[in-house]
Amino acid sequence: MLQVNVLRNNPQWVKERLAVKNFKQLELVDEIIVLDDERKRIQSDYDNTQSKVNAASKEIGKLMGQGKKDEADEMKQQVSSYKIQVATFMESLNGTEKLLQDKIIQLPNLPAQIVPPGKTPEENVVAKEGGVKPTLHANAVPHWDLIKKYDIVDFETGAKITGSGFPLFKGKGAKLQRALVQYFLDYNTAAGYTEYIPPFMVNAASAYATGQLPDKEGQMYHATEDDFYLIPTAEVPVTNIYRDTILKEDELPLKMTAYSPCFRREAGSFGKDVRGLNRVHQFEKVEIIQIVKPETSYDVLDAMVAHVEKLIQSMELPYRILRLCGGDMSFTSALTYDFEVFSAAQQRWLEVSSVSNFENFQTNRLKCRFKDANGKMQLTHSLNGSSLALPRIMAALLENNQTENGINIPTILQPYFGAAVLQ
RNA sequence: GGAGAGAUGGCAGAGCGGUCUAAUGCGGCGGUCUUGAAAACCGUUGACUGUAACAGGUCCUGGGGUUCGAAUCCCUAUCUCUCCGCCA
């Protein structure tokens, strides 16, 4: 959520930045400022009247103490009339605040200065490319055939148990998943991230704080009986650790990592790119999250990108890093880098990580602040990234490393998997 | 699931209708003393809103109510603890 003061201080600049994200309702900016003026006016009326009530009430207390009951009764009459006014102001204030809130949560985060303009994924900028695309043998096949050949993922039975998009990992497939999770967590904790196992369901307040609610409601599975949401990413519970928190400056930066299954309804996105592990409703992911001082957040973003890059390199996968254009960025992000690995048998790039700086857009909703050296309260900045999402990594590993005699396991993963070849 | 108790500032904890501008202790910060530190002593110490700055307003788990006036009384939700039941 943007801060109203940012809009007030420079509405023209805010509109320019919003336009980079292809946000159309620029008139909201002015509407919000007008509503905020109104809010202040009503608040001030309310405060003044309430102040009279408070003063009179104290006076009544004194008069009662002195036994001047008649004078006290007279004042009570007067207070009653103030109270009617107070109630009116309060009602009007609530209405205005709600309107203001409704409008301000519609504004996406402002993109950073270096975000490229553009509307579609095609306009993302390739910031870097690395690794070597493999040359496959003549009979190479996509991963959805490989998983059948080696009997490691069973979509049909998953569909029987739950529904389509809920894969059942089996045997060496299950073990490879476990190996990847274990390796990713070890890699992240070695870099100073503290490991968490969070709740996999969250309440509405948490989903709201990280921006899943209200607008992405339909993307989450919702347990209505208890009003809990299945998490679409560990970002939600882990970031919410620091909801309504005031940190000390020397506690920053906070570095956290967590494994979790991720549940996504993917409403509206079906019929496209959904074969095999390319898009599923439940998948495993290891996430990294940082909460940092504002002036450091872009350096931290670079460090997180480098961290993920090394992880992908360590598994010898061909990859590229995209700087997302305004139109392809998420609602909450100020700058995002996507990582894609090349899936050789599909001849496609698959997104495996998305690393973003949210600046104070999330922490403003979270109310995650810290006291700086001058004793001033400031919002922290939050960042997160996948390190990494498993299904597409698995797809690329299977496809790129296939041989006539099995799937070669990258050296770094062999101790975790317990073998050099999956057969 | 049943019965009972509770939720107060960073923490512990008092307060049980007006003097709460929330005692006290611990912790934090500043100072005195000291070569330096500790101890001791002195001072200071929340958030939000609002203002040019004051003033003012709000906040004692959330929501609602009683009252001229609520941390305090009532209702309700949530959470925590104890006991019982069930259970990996």
Side-chain angles (χ1 to χ4, degrees), chain A residues 1-9 32-101 104-105 197-209 213 222-229 237 240-252 254 261 291 360 362-380:
Chain A
M1 187 167 65
L2 293 175
Q3 299 175 95
V4 178
N5 272 342
V6 173
L7 310 199
R8 298 190 76 102
N9 291 341
I32 286 165
I33 293 172
V34 168
L35 273 173
D36 194 47
D37 286 337
E38 195 179 331
R39 194 207 97 233
K40 285 188 187 189
R41 189 177 53 71
I42 301 168
Q43 179 82 56
S44 149
D45 287 344
Y46 170 85
D47 287 355
N48 291 334
T49 316
Q50 184 62 42
S51 174
K52 287 183 197 166
V53 171
N54 290 346
S57 295
K58 252 178 207 167
E59 193 59 30
I60 291 169
K62 259 186 214 160
L63 291 172
M64 297 292 271
Q66 294 165 2
K68 299 178 181 169
K69 194 164 177 310
D70 289 350
E71 287 178 47
D73 283 344
E74 208 170 298
M75 284 208 99
K76 282 188 192 180
Q77 292 282 318
Q78 203 180 351
V79 171
S80 307
S81 76
Y82 287 146
K83 285 193 63 183
I84 294 167
Q85 290 181 43
V86 166
T88 313
F89 287 137
M90 181 47 97
E91 201 175 314
S92 155
L93 188 62
N94 285 341
T96 307
E97 278 181 341
K98 190 177 179 310
L99 260 175
L100 184 63
Q101 181 72 5
I104 195 142
I105 60 174
I197 300 178
F200 297 152
M201 290 180 144
V202 295
N203 57 32
S206 292
Y208 176 81
L213 291 180
H222 187 191
T224 52
E225 179 84 9
D226 297 288
D227 199 20
F228 293 152
Y229 293 87
N240 269 282
I241 295 170
Y242 292 97
R243 170 150 50 92
D244 291 320
T245 308
I246 298 171
L247 295 158
K248 295 194 183 93
E249 189 172 12
D250 60 16
E251 289 179 84
L252 300 173
L254 290 161
I291 293 175
N360 63 25
Q362 276 187 335
T363 54
N364 190 29
R365 276 203 207 180
L366 280 172
K367 296 201 189 71
C368 177
R369 294 158 293 169
F370 76 104
K371 247 184 194 159
D372 66 20
N374 305 318
K376 228 188 119 205
M377 204 63 82
Q378 281 195 55
L379 287 169
T380 56

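From a predicted model like this one, the values you see are computed outputs, not experimental measurements. Chain letters run A, B, ... following the sequence lines, proteins first and then strands; every chain starts at 1.
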For [X], report the nucleic acid contact type (base, sugar-phosphate, nothing); a contact means any heavy atom under 4.0 Å.
X      : answer
A/K371 : sugar-phosphate
A/R41  : nothing
A/K248 : nothing

Pairing partner of [N] (Watson-Crick or G-U wobble, both distances under 3.5 Å):
N      : value
B/rU51 : none
B/rA14 : none
B/rG69 : none
B/rC60 : none
B/rC79 : B/rG6
B/rC29 : B/rG43

Between protein and nucleotides 56-63 of chain B, what N or O pairs are separated by less than 3.5 Å?
| unit_1 | atom_1 | unit_2 | atom_2 | d |
| --- | --- | --- | --- | --- |
| B/rG56 | O3' | A/S51 | OG | 3.3 |
| B/rG56 | N2 | A/D47 | OD2 | 2.4 |
| B/rG57 | OP1 | A/N54 | ND2 | 3.1 |
| B/rG57 | O2' | A/D47 | OD1 | 2.8 |
| B/rU58 | OP1 | A/Q50 | NE2 | 3.4 |

- Message: Please determine whether a side-chain nitrogen or oxygen atom of A/R39 lies at a distance below 4.0 Å from atom OP1 or OP2 of B/rU49.
- Response: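 Checking A/R39 against B/rU49: no side-chain N or O falls below 4.0 Å of OP1 or OP2.
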- Short side-chain N/O contact to B/rA47 OP1/OP2 from A/K367, under 4.0 Å: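 Result: no.
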- Message: Give me the distance, rounded to whole Å, that separates B/rA88 from B/rU78 when you measure between the C1' atoms they each carry.
- Response: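 It works out to 27 Å between them.
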- Message: Taking the P atom in each of B/rA38 and B/rG46, what is the distance between them to the nearest angstrom?
- Response: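 Nearest-Å result for B/rA38 against B/rG46 at atom P: 24 Å.
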- Sub-4.5 Å side-chain heavy-atom contact between A/F370 and A/E251: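 No, side chains not in contact.
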- Item | Sub-4.5 Å side-chain heavy-atom contact between A/R243 and A/K367 |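 The answer is no; the side chains never approach within 4.5 Å.
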Whole angstroms only, please: what is the [atom1]-[atom2] distance between [X] and [N]?
X      : N      : atom1 : atom2 : value
A/M90  : B/rU49 : CE    : P     : 16 Å
A/K83  : B/rU66 : NZ    : P     : 8 Å
A/I246 : B/rG28 : CD1   : P     : 19 Å
A/L247 : B/rG46 : CG    : P     : 18 Å

- Might you point out which heavy atoms bring A/T49 and A/D45 nearest each other, and give the distance in Å?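 Scanning both residues, the minimum pair turns out to be OG1-O, 2.8 Å.
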- Task: Identify the two heavy atoms, one from A/V4 and one from A/I104, that lie closest to each other, and give their separation to 0.1 Å.
- Result: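 Looks like CG2-CD1, 3.5 Å.
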- Query: Can you list the steps and then say if A/N203 with A/S206 is a side-chain hydrogen bond (donor to acceptor under 3.5 Å, both in side chains)?
  - Reply: CA-CA 6 Å; A/N203 57 32; A/S206 292; 3.2 Å; yes
- Test salt bridge (Lys or Arg N to Asp or Glu O under 4.0 Å) applied to A/D37 - qualifying residues, sequence neighbours left out: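 Applying salt bridge (Lys or Arg N to Asp or Glu O under 4.0 Å) to A/D37 gives A/R8.
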- Taking atom CD of A/E91 as the centre, report whether more than 12 heavy atoms of other residues, nucleotides or ligands fall under 6.0 Å from it.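 No, the 6.0 Å shell around CD holds no more than 12 heavy atoms from other groups.
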- Does A/N48 use its side chain to pair, donor to acceptor, with the backbone of A/S44 at less than 3.5 Å?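 Yes; judged by distance alone, with no hydrogens or angles, the pair exists.
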- Query: Between A/V79 and A/M377, which has a closest nucleotide on RNA chain B that is more 5'?
  - Reply: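 Looking at RNA chain B, the more 5' nearest nucleotide goes with A/M377.
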Could you list all N or O pairs between the protein and nucleotides 70-74 of chain B that sit under 3.5 Å apart?
none

